[in-house]
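Structure record follows, encoded as structure tokens.
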Amino acid sequence: MLDVRLIRTDFEGVRAALTRRADPTILEQLDHASSLDGRLREIIAERDGARRKVNEFSKTVGRLRTAGDTAAAQAAMATSREFGETERGLTAEHDEVSEALRQVLLRIPNLAHPDVPDGTGEGDNPLVKGPVNMPDAFADHQRVPHWETATALGILDNERAAKISGSMFTMQRGLGATLARALCQLALDNNADAFEEIRPPTLVTTATLTATGQLPKFADDAFAIERDDLWLIPTAEVPLTSLYAGEILDEAALPALLMAHTSCFRREAGSAGRDTRGMLRTHEFDKVEILAVALPEQAPALLAEMTARAERTIASLGLPYRIIEICTGDLGQSHHRSFDIEVFAPGTDCWLEVSSVSWFSDYQARRADIRFRRRGKSGTEIAHTLNGSALAVPRVWAAIIENFRQPDASVTIPDVLVPYMRGATSIAPR
RNA sequence: GGAACGAUGGCAGAGCGGCCAAAUGCAUCCGCCUUGAAAGCGGAAGGGUUCACGCCCCGGGGGUUCAAAUCCCUCUCGUUCCGCCA
């Protein structure tokens with residue numbers, strides 16, 4: 001959520017920045033927020049004046065009582081009560097306007113970083129690197145969708161996954177399951193030099209899911225356990241970001257670098273029937289997430305570093321990949337700047353987004369109330385947050401199966417994964 | 001699931017309904033002393049909002065009252081005991 005004070009003090013600047021998002025309705029919301037804020041401030045001034053009177057007369061009552069002047073005390077009580085009535089009315093009005101303002105503010109997206117390229121949508125996302133490892137041409141044996149190859153190899157059993165849990169669930173078997181776990185292990189090991197490994201809960205409270213912005217707007221996308229008022233996390237970003245929610249951190253503790261391997265659960269509402277085959281879109285998948293809580297001045301370098309880390313893992317697997325930057329028209333609601341890594345899957349003949357690394361500036365931390373204190377300075381500042389997928393299993397798994405499929409229908413395991421595969425160098429037909 | 005108790009500033013820990021944004025200790029910061037440090041002495045210092053006055057914040061929410069950290073209700077969390085159980 002944006003800082004209302006910024007809207008107040010630099011309305012034109014905020015307006016100009018939001019114009020770049022190429023969505024006129026955002027500007028209407030901004031105007032609305034600004035007028036609500038103006039009204040709210042008037043109400044607050046009046047209400048606080050009334051409160052001041054109540055406080056003053058209440059103290060007078062105390063003094064008169066101790067002095068023994070009962071009659072005067074009674075009079076002061078009556079006056080105070082009158083101001084109390086006024087205060088009550090103003091408070092009701094305040095709460096109403098304040099809530100309306102909050103609702104509008106929650107819908108206004110983050111300001112894009114000045115360096116983010118302008119654009120109106122996905123098609124305007126510029127390529128910033130690659131394609132890397134891209135062969136001139138793919139052989140016929142690579143032009144087979146991973147679900148066909150994997151099912152034939154006996155390492156993917158989506159039919160039985162559907163029997164157990166319904167559609168859009170997957171199940172890996174044998175070396176396929178090992179491969180999925182190996183990918184997570186690789187990603188964790190690649191980042192353990194700097195990131196603290198966390199094993200967070202995967203069921204979280206409504207408050208937690210709201211702090212990162214999934215609620216209330218994206219309630220339909222998350223699985224809920226209504227009976228216990230808990231939600232299944234769509235990404236480890238949720239518990240990791242909330243780790244320090246409501247806390248005031250010491251400057252010296254930043255950046256706090258965290259990573260976690262968790263299952264991720266997504267209802268994928270609205271995408272029924274899309275990508276239903278294979279592993280491109282599933283209700284449950286594994287992912288290793290890296291996250292940083294940082295000082296504002298540390299954030300740009302961290303964005304670059306975290307993107308580089310995600311890239312390094314993909315590159316080490318030998319997969320064809322490219323990096324694109326997200327333009328203003330495609331930037332996520334809470335994102336300040338984002339980079340996506342995509343790998344090419346020759347069997348399904350498309351680029352797959354396997355990682356997205358984003359800088360949220362203070363937009364997310366303001367909502368989650370993550371602050372820090374600078375040494376020797378009084379007061380607090382809102383921290384900056386960044387996160388990204390170090391590795392998301394299903395699409396990388398699929399890309400490995402398709403890219404490294406051999407003429408004999410076996411799949412060669414990338415060298416870096418062999419130590420995690422109990423020495424297996426390929427997955428061969430039985 | 002049942003019962004009892006608890007939740008106050010970075011930590012610990014006081015707090016008769018009014019003189020409480022809140023004692024005290026530790027930690028922190030500044031100064032004095034010292035060659036330097038420790039000790040000692042003196043001082044500063046919670047958060048939010050506001051140009052400021054002020055207003056708000058004692059786990060969250062609600063209530064009683066002229067006035068709530070203090071009384072009542074409720075929720076959450078914690079500790080201990082009982083029950084149940086991987």
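Chain identifiers are assigned alphabetically (A, B, ...) following the order of the sequence lines, protein sequences preceding nucleic acid strands; residue numbering begins at 1 within each chain. Hydrogens, waters and symmetry mates play no part in the numbers below; they use all other heavy atoms, side chains included.
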Partner nucleotide, any strand, of [N] [Watson-Crick/G-U, under 3.5 Å]:
N	value
rG36(B)	none
rG1(B)	rC82(B)
rC77(B)	rG6(B)
rA67(B)	none
rA27(B)	none

> Can you tell which of Arg371(A), Arg367(A), Arg366(A) makes a salt bridge (charged side-chain N to carboxylate O under 4.0 Å, His left out) with Asp369(A)?
Replying inline: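 So, applying the salt bridge (charged side-chain N to carboxylate O under 4.0 Å, His left out) to Asp369(A) and each of Arg371(A), Arg367(A), Arg366(A), only Arg371(A) qualifies.
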Considering only side-chain heavy atoms of [X], which listed nucleotide, [options], is closest?
X	options	value
Arg51(A)	rC56(B), rC66(B), rU50(B)	rC56(B)
Val61(A)	rG54(B), rC66(B), rG48(B)	rC66(B)
Arg5(A)	rC66(B), rG54(B), rU49(B)	rU49(B)
Ser58(A)	rC55(B), rU49(B), rA67(B)	rA67(B)

Open item on the list: Return whichever of Val54(A) or Arg63(A) has its heavy-atom-nearest nucleotide of RNA chain B closer to the 5' end.
Closed with: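 It is Arg63(A) whose nearest nucleotide is closer to the 5' end.
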Residue whose nearest RNA chain B nucleotide is more 5′ - Arg65(A) or Arg371(A) |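 Mapping each residue to its closest nucleotide by heavy atoms, the 5'-most match is Arg65(A).
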In whole angstrom, give me the gap between the [atom1] atoms of [N] and [M].
N	M	atom1	result
rA23(B)	rG43(B)	P	15 Å
rU8(B)	rU24(B)	C1'	14 Å
rC72(B)	rC85(B)	C1'	37 Å
rC56(B)	rA21(B)	C1'	11 Å
rU34(B)	rG46(B)	P	32 Å
rG59(B)	rG47(B)	C1'	15 Å
rG9(B)	rA14(B)	C1'	13 Å
rG54(B)	rU65(B)	C1'	23 Å

Could you check how far [atom1] of [X] sits from [atom2] of [N], rounded to whole Å?
X	N	atom1	atom2	answer
Leu6(A)	rU49(B)	CG	P	14 Å
His94(A)	rU50(B)	NE2	P	12 Å
Glu85(A)	rA67(B)	CD	P	10 Å
Arg88(A)	rC66(B)	CZ	P	9 Å
Ile382(A)	rU49(B)	CD1	C1'	13 Å
Leu249(A)	rG10(B)	CG	P	12 Å
Phe57(A)	rG18(B)	CZ	C1'	16 Å
Asp48(A)	rU50(B)	CG	C1'	9 Å

Report which part of the nucleic acid Arg81(A) touches: base, sugar-phosphate, or nothing (heavy-atom distance under 4.0 Å, all strands).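 Touches sugar-phosphate only.
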**OP:** Classify the nucleic acid contact of Thr380(A) as base, sugar-phosphate or nothing, counting any heavy atom under 4.0 Å across all strands shown.
**Re:**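 If one applies the 4.0 Å heavy-atom cut-off, Thr380(A) turns out to touch the sugar-phosphate alone, with no base involved.
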Reckon [X] has a side-chain N or O less than 4.0 Å from the OP1 or OP2 of [N]?
X	N	result
Asn55(A)	rC56(B)	yes
Arg373(A)	rG47(B)	yes
Arg47(A)	rG54(B)	no

* Between Gln364(A) and Thr385(A), is any side-chain donor less than 3.5 angstrom from a side-chain acceptor? ->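 A donor-acceptor contact under 3.5 Å links the two side chains.
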**Request:** Could you verify whether a donor N or O on one side chain and an acceptor N or O on the other, from Ser361(A) and Asn110(A), lie under 3.5 Å apart?
**Result:**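 On atom types as modelled, these side chains qualify, holding a pair under 3.5 Å.
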TODO: Using a strict 4.0 Å threshold on nitrogen-to-oxygen distance, state whether Arg309(A) and Glu305(A) make a salt bridge.
DONE: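 A salt bridge links Arg309(A) with Glu305(A).
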query = Are the charged groups of Glu289(A) and Lys287(A) less than 4.0 angstrom apart, N to O?
reply =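 Between Lys287(A) and Glu289(A) there is a salt bridge, with a charged N closer than 4.0 Å to a carboxylate O.
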**Request:** Indicate, with yes or no, if the rings of Phe360(A) and His335(A) have centres closer together than 6.0 Å.
**Result:**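 So the answer is yes for these two rings.
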message = Classify the ring geometry of His384(A) against Trp359(A): parallel below 30°, tilted from 30° to 60°, perpendicular beyond 60°.
response =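 His384(A) and Trp359(A): tilted rings.
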